[in-house]
2 protein chains.
Amino acid sequence: MAYAEQYIDKLRKSGLRPTKQRIKICEVLFDAEKTFHFTIKELVKIIENQANIKVSLATVYNTVHAFIRKGYLKEIPLNASQSYYDTNVTHHHHFFDEEENKLIDIHQDDVDEVNIKRTIPGKKIRSVEVIAKIVSDNQSQK
Amino acid sequence: MAYAEQYIDKLRKSGLRPTKQRIKICEVLFDAEKTFHFTIKELVKIIENQANIKVSLATVYNTVHAFIRKGYLKEIPLNASQSYYDTNVTHHHHFFDEEENKLIDIHQDDVDEVNIKRTIPGKKIRSVEVIAKIVSDNQSQK
DNA sequence: ATAATACATTATATTTATTCTAAACTATTG
DNA sequence: CAATAGTTTAGAATAAATATAATGTATTAT
C-alpha cells in the first residue's frame, strides 16, 4: 500500500502515533476517489464493512477531532442532531436539502467571493462558509 | 400591556393557544429593544428571573419550534453542543467568535449579495446564510 | 352554568450524540 | 527485558432534545 507513508505523515503531524486503527481511519477518509461528507456513526460503519478491524467510537472521535484541529478534515456548520464532517478541506460551500437531509458541495467558483465589509477590532476572519438551504420547487405553492 | 394583542396574534398564527406561559415567552422574545441570540436554557433562565411564572422546558421547546416553523424565530446554523436561536429574522449573517463562543450579527448591508451560480434541478433556494469564523488577530503568530 | 371535549403544562423518563474513565494493551526506550 | 509513555476499548457519565402520561385549563355545546 503506497499510501501508508502519507497516512503516517498525516497522523504524526496531528500528534498521533500511527496505529492499525488510525491508519484504517485514514484509508477510509483519504483514499476515496471523491471527497465526501460523513457522520461519526457512518464512518464507523464504513470501517466495519471494509475491514476486519474493530475500531471503537472513542478512537474515531479522537482521530477525527485531531484531523480537524490540523485542517485535514472540516466540520460542516449545520444544526443537526449529529455533526457532519467533510473530507473536502478546500474552500467551498454547501447546499443543504432540508427535505432529504442531504448535503451537496458547491464549488467555490460557483459562489462569488463573499465580501464582508465589517470588521471586529482585534479579530481576523479564519473562514467564511455559505449554507444555502434548498427545498422542492413546486411552482404552484407560494 | 399593549403588546398582548400582537403576541396573541403570533401565537394563533403559529397554531398555538395564547396561554400565560406562551405569552410570557413572547414578552421575553419580542419585547426586547434589540434582537438577540439565545439557547433554550438561557431563555428559561430569563423567564425565571423576569417573572414569577414557572415555565417548563417542554413548553419552551414546543413554543420556540412553532415560532421557527412560522418564521418568527430563526435557528442559527452552527455546530455547537446546543442550538442557538435568533430573534432577528431579517436576512443577515453572523460572525462566530471561536475563542469566546459568541455570535455577532452582520447586517445584510455589510455583506454583498451572495450569488450562487449553481442550481439543483427541481429545487429552489429558501435561505442563504454566511458564517464567518473569527479568531484573535495576533499579527505575530502565523 | 356545567358537563364534555379538546388542548396545555408539567415532571419525569427516554433517547441519543458525545465525552470521560479506567483498565487492559502495545510499542518504544533505556 | 523492565519501565514508561502512549493507545484502545467497553462501558459509564453527561447533557440536549424529545416523548410520555398524568394533571390542569380553556372552550364548546347543551
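Smallest separation of non-hydrogen atoms from B:K10 and B:F67: O-CE2, 4.0 Å.
A close approach under 4.0 Å does occur between a side-chain nitrogen or oxygen of B:R22 and OP1 or OP2 of C:dT9. Considering only side-chain N and O atoms, A:H65 lies under 4.0 angstrom from the phosphate OP1 or OP2 of C:dT19. Considering only side-chain N and O atoms, B:K54 lies under 4.0 angstrom from the phosphate OP1 or OP2 of C:dA11. Within the structure, every side-chain polar atom (N or O) of B:Q21 is placed at least 4.0 Å from both OP1 and OP2 of D:dT25. Under 4.0 angstrom from either OP1 or OP2 of C:dT19 there lies no side-chain N or O belonging to A:Y61. Between B:S83 and the phosphate of D:dA17, there is a side-chain N or O to OP1/OP2 separation shorter than 4.0 Å. At D:dA16, none of the side-chain N or O atoms of B:T39 fall inside 4.0 Å of OP1 or OP2 (strictly under the cut-off).
Checking C:dA6, D:dG6, D:dT8 against the side-chain heavy atoms of B:R17 singles out C:dA6 as nearest. Checking C:dT18, D:dA10, C:dT9 against every side-chain atom of A:Q82, the shortest atom distance belongs to C:dT18. Looking at the side chain of B:A58, the nearest of the listed nucleotides D:dA19, C:dA17, D:dA17 is D:dA19. When distances run from any side-chain atom of B:V55 to the nucleotides D:dT7, C:dT18, C:dT10, the shortest one goes to C:dT10.
Note on B:T59: a base of the nucleic acid sits closer than 4.0 angstrom, heavy atoms only.
When rounded to the nearest whole Å, the span between CG of A:N79 and C1' of D:dT18 equals 16 Å. Between the CG atom of B:L57 and the P atom of C:dA8 there is a distance of 19 Å, given to the nearest Å. Atoms CG (A:N62) and P (C:dA22) sit 16 Å apart, rounded to a whole Å. Nucleotide C:dT9 holds its P atom 10 Å from the CD1 atom of B:I23, rounded to whole Å. One can place CG of A:L78 at 16 Å from C1' of C:dA17, the figure rounded to the nearest angstrom. Here the P atom of nucleotide C:dT26 and the CG atom of A:L16 are 19 Å apart, to the nearest Å. In this structure, A:I53 places its CD1 atom 11 Å from P of D:dT8, rounding to the nearest Å. Remark: P of C:dT10 and NZ of B:K24 are 14 Å apart, rounded to the nearest angstrom.
The pair B:E42-B:K45 does not meet the salt-bridge criterion, since no charged nitrogen lies less than 4.0 angstrom from a carboxylate oxygen.
Other residues, nucleotides and ligands contribute more than 12 heavy atoms inside 6.0 Å of the NZ atom of B:K117.
Separation of the B:H93 and B:H107 ring centroids does not fall under the 6.0 Å cut-off.
Nearest-nucleotide positions on DNA chain D for B:Y85 and B:K20 put B:Y85 closer to the 5' end.
Residues B:Q108 and B:T90 have side chains that never bring a donor and an acceptor to within less than 3.5 angstrom of each other. Using modelled atom types and a 3.5 Å distance limit, the side chains of A:D86 and A:H92 yield a donor-acceptor pair.
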